[in-house]
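Here the structure comes first, spelled out in C-alpha cells, and everything after it is commentary.
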2 protein chains.
Amino acid sequence: MRLIVARCEVTYSGRLNAVLPEAVRLLILKSDGSFLVHADTGGFKPQNWMTPPTVVEHEGEPLERLVVRKRGRKTEDRLDVRIVEILSDVAHDMGEAGAIAKDGVERDLQEELATRPAALGEELRVVRREWQTDIGPVDLMCRDTEDGWVAVEIKRVATIEAVEQLTRYLERIRPEPGMARVRGVLAAQKVVRQARTLAEARGLRWIEVDLGVLRGEREPELTLFPG
Amino acid sequence: MRLIVARCEVTYSGRLNAVLPEAVRLLILKSDGSFLVHADTGGFKPQNWMTPPTVVEHEGEPLERLVVRKRGRKTEDRLDVRIVEILSDVAHDMGEAGAIAKDGVERDLQEELATRPAALGEELRVVRREWQTDIGPVDLMCRDTEDGWVAVEIKRVATIEAVEQLTRYLERIRPEPGMARVRGVLAAQKVVRQARTLAEARGLRWIEVDLGVLRGEREPELTLFPG
DNA sequence: TCGTTCATTTCGAAG
DNA sequence: CTTCGAAGTGAACGA
C-alpha cells in the first residue's frame, strides 16, 4: 500500500464528471488496484476513488501526475490527479488481511426466525427457507395453525421496497394450486413508517423483531405490574 | 489527519458484531472524528469504520489500544483496536479541502429534460417539475399535444423499482379530477431489460436518453446512407 | 455478462 | 429531529 499526502487537484470523468479543487489530500494506492482520495473531513467516503481493476500511470520524478483508468470497460472511467506538492510518500508491505467475521446481518436474522418462528407473533411452522419462485426466493414459507400458507419477507430494515418485494412474491405464489389464500408477513429489526402504511393498505402484517431478544441475549421489554 | 500503520485486531459491536483478526492495516483518524480501518486489499470500502460524531480513547505509550465510540446514540456503537505493533504513525495538517463539484447525476438529467422534453420522444409541454403527490414528487408532469397528462419518472439507471415507483405515482394521480387517463413515461440513461418488460406490461412507455446528446456535446448516432 | 439484493450502506435534502 | 430517496453507490451471488 502506497500512501501519498499531497497538495493536488483531482478530476474524475466517467459515469459523471467531478472536479476537486487544489488542496492537501491523502492518496491511497492499494495493491489490489484500488485508488482512494481522502480529505481530512468528509467521513466514511473518499472524495474520489476507483475500484479494481485499474491501470495506474505515473508521470514525473518527483511525481507530478497520476492517471488512474478503469480496465475492461466500454465507457472510459478516468481519474486525473495533478500533484502540486508532495508532503509524504511512503509504501508499506502489509501482507494479507484476515477475512472479516460478521454477525447480525439479514441472514442471521433469517436463521434465528427459521428456528423460532413464534417470534413472528403467531404460531407458525416453517416449511422451507428460501422458497423458490420464478422471480426469486421467499425468505420463509410457513403454515399457520389452520394449515394456511404464510410467506415471510425478512429485512434488517424494511422500507417500502420490502413491501413491494413481498407483494410481487405473493402475486406469483397465489396462482399456484392451493396457494390462493397465502398471507404475507414482513419481519424486520426496523419497519419504517411508509412501509407500515403500505403493508397495512395491502393486507400484509408487519412485525419488528430484535435479534438480541430472539437469541435471549436480552430480555424482551416487559411491562410488569407486580403485586 | 493521523495515519497509523499497525499490526492490530479490530472488534466492532453495534448494529452488528464483527471481528478482524490480527493483521497489518492502515488506521485513519480524521479531524472531523471519522475513523477508518483499511486493508491493502478489499477495494473501496474500509474493513471497519465509524462516522462522526465519535469519541476516541487512546491507551498506552506507545499506543496499545484505541477505542472509538459513537457519540449521541442510544445503542452503543463501539470499535476496539488492539494494537500489537506500530509500523508508522504520522500526522498531517491538511487544511480545508475544497468542495467537490459534480455533474451528471439524476438532477442534471431532470434539468435537461425539463428544458428539452422533446428528447422524451414525443411532443410534450412541461407543466411542473417535482409535481407533489402524497407519496412523493413526480419528476416531471407534462401534457401532450392533446392536453393529456403525462407523468415522467427520471432515473440515471432505471430498474424494476423505477417501474414500481412510477406505478405507485400513477395509482395516486389517477383518482384526481381529470387525471384518470394520465400516462406514465420512464426516462433514464439506461433502462435495464426487466424494467423494459415490466413497463411495457403495465402500459408505460420507456425511453433511454443520453445526457451528452441532450446537451449537444455529442451527436446522436446517425446511420446515414448518402447518395 | 447481466441482473438482483444486501449494506454497520452513506449521504443529503426536506419536512 | 426524523424520513426518504439517490449513489460514480460497492460487493456478493446467481443465472
Side-chain angles (χ1 to χ4, degrees), chain A residues 12-18 34 36-37 42-52 70 72-79 100 102-110 130 132 134-137 139 153-162 164-165 168 188-190 192-197 211, chain B residues 11-18 34-37 42-52 70 72-73 75-79 99-100 102-110 130 132 135-137 139 153-162 165 188-198:
Chain A
Y12 166 73
S13 59
R15 284 182 273 194
L16 56 66
N17 297 302
S34 311
L36 309 177
V37 180
F44 169 89
K45 216 177 176 184
Q47 287 190 311
N48 254 319
W49 71 92
M50 198 163 291
T51 51
K70 194 85 178 184
R73 271 215 183 201
K74 281 163 262 180
T75 59
E76 194 183 44
D77 261 43
R78 177 197 174 100
L79 263 173
I100 189 166
K102 290 185 183 180
D103 174 44
V105 294
E106 181 186 311
R107 176 146 302 267
D108 300 304
L109 190 59
Q110 187 191 121
E130 306 284 339
Q132 292 299 324
D134 53 358
I135 54 165
D139 290 329
E153 176 63 31
I154 299 168
K155 289 278 182 261
R156 219 178 58 79
V157 179
T159 64
I160 206 166
E161 295 310 327
E164 299 284 16
Q165 197 178 344
R168 287 198 297 273
Q189 297 213 37
K190 171 147 191 62
V192 306
R193 190 184 331 129
Q194 287 211 351
R196 298 175 183 191
T197 308
L211 186 60
Chain B
T11 309
Y12 167 74
S13 59
R15 284 182 274 193
L16 55 67
N17 297 303
S34 311
F35 179 70
L36 309 177
V37 180
F44 170 89
K45 215 177 177 183
Q47 287 190 311
N48 254 318
W49 70 93
M50 198 163 289
T51 51
K70 195 86 178 184
R73 271 217 183 199
T75 59
E76 195 184 43
D77 262 44
R78 177 197 172 101
L79 261 173
I100 189 166
K102 289 185 184 180
D103 174 45
V105 294
E106 181 185 310
R107 176 147 300 268
D108 300 304
L109 191 58
Q110 187 190 122
E130 305 284 339
Q132 292 299 324
I135 54 167
D139 291 330
E153 177 63 31
I154 299 169
K155 289 276 184 259
R156 219 176 56 78
V157 178
T159 64
I160 208 166
E161 292 311 326
Q165 196 178 343
Q189 296 212 38
K190 171 145 192 66
V191 180
V192 306
R193 194 186 320 136
Q194 291 216 355
R196 299 176 182 189
T197 308
L198 185 60

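Everything numeric here is computed off the predicted structure, so don't read it as measured data. Atom set for the values below is all heavy atoms of this structure, side chains included, hydrogens, waters and symmetry mates excluded.
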- Message: Return whichever of B:P137 or A:D77 has its heavy-atom-nearest nucleotide of DNA chain D closer to the 5' end.
- Response: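 The residue closer to the strand's 5' end, by nearest nucleotide, is B:P137.
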- Task: Select from A:V192 and B:V157 the residue whose nearest nucleotide in DNA chain D is closer to the 5' end of that strand.
- Result: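 That would be A:V192.
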A side-chain contact here means heavy atoms from C-beta on lying under 4.5 Å apart; do [X] and [Y] qualify?
{"X": "A:Y12", "Y": "B:I100", "answer": "no"}
{"X": "B:R78", "Y": "B:K70", "answer": "no"}
{"X": "A:K102", "Y": "A:D108", "answer": "no"}

Side chain of [X]: nearest nucleotide among [options]?
{"X": "A:I160", "options": "D:dG5, C:dA7, C:dG3", "value": "D:dG5"}
{"X": "A:V105", "options": "C:dC6, D:dG5, C:dA7", "value": "C:dA7"}
{"X": "A:Y12", "options": "D:dA11, D:dG8, C:dG3", "value": "D:dG8"}
{"X": "A:K102", "options": "C:dC6, D:dG8, C:dT8", "value": "C:dT8"}
{"X": "B:E106", "options": "D:dG8, D:dA6, C:dA7", "value": "D:dA6"}

Once you round it to whole Å, what is the distance between [atom2] of [N] and [atom1] of [X]?
{"X": "B:K45", "N": "C:dT8", "atom1": "NZ", "atom2": "C1'", "answer": "7 Å"}
{"X": "A:R15", "N": "D:dA6", "atom1": "CZ", "atom2": "C1'", "answer": "13 Å"}
{"X": "B:L16", "N": "C:dC6", "atom1": "CG", "atom2": "P", "answer": "15 Å"}
{"X": "A:E161", "N": "C:dA7", "atom1": "CD", "atom2": "P", "answer": "16 Å"}
{"X": "B:E130", "N": "C:dG15", "atom1": "CD", "atom2": "C1'", "answer": "14 Å"}
{"X": "A:L109", "N": "C:dT8", "atom1": "CG", "atom2": "C1'", "answer": "15 Å"}
{"X": "B:R107", "N": "D:dC4", "atom1": "CZ", "atom2": "C1'", "answer": "14 Å"}
{"X": "A:Q110", "N": "C:dT5", "atom1": "CD", "atom2": "C1'", "answer": "13 Å"}

- What nucleic acid atoms does B:T159 come within less than 4.0 Å of, heavy atoms only: base, sugar-phosphate, or nothing?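 Nothing, no nucleic acid heavy atom in range.
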- Task: Could you give me the CA-CA distance, side-chain angles and deciding distance for A:R168 and B:E161, then say whether salt bridge (charged side-chain N to carboxylate O under 4.0 Å, His left out) is met?
- Result: CA-CA 11 Å; A:R168 287 198 297 273; B:E161 292 311 326; 3.3 Å; yes
- Query: Which comes earlier along DNA chain C counting from the 5' end, the contact point of A:E153 or that of A:G43, where each point is its nearest nucleotide?
  - Reply: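 Final value for this comparison: A:E153.
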Nearest-angstrom distance, [atom1] atom, [N] to [M]:
{"N": "C:dT8", "M": "D:dG14", "atom1": "C1'", "answer": "25 Å"}
{"N": "D:dA7", "M": "D:dA11", "atom1": "C1'", "answer": "14 Å"}
{"N": "C:dA7", "M": "D:dA6", "atom1": "C1'", "answer": "15 Å"}

- Donor + acceptor pair across side chains of B:K155, B:Q165 (<3.5 Å):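 Yes, side-chain donor-acceptor contact under 3.5 Å.
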- Message: Given 3.5 Å as the limit, does a donor-acceptor pair link the side chain of B:D103 with the main chain of A:N17, or not?
- Response: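 Flag not set: sc B:D103 to bb A:N17 has no pair under 3.5 Å.
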- Answer yes or no as to whether C:dT10 has its base stacked against A:F44, where stacking requires a ring-centre separation under 5.5 angstrom and planes under 30 degrees apart.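 Stacking between A:F44 and C:dT10: absent.
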- Message: Would you say B:Q194 places a side-chain N or O within less than 4.0 Å of OP1 or OP2 belonging to C:dT4?
- Response: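 Affirmative; the distance criterion is met.
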- Message: Checking base pairs now: Watson-Crick or wobble, both atom distances under 3.5 Å. What partners D:dG8?
- Response: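 None - no nucleotide pairs with D:dG8, as no candidate has both distances under 3.5 Å.
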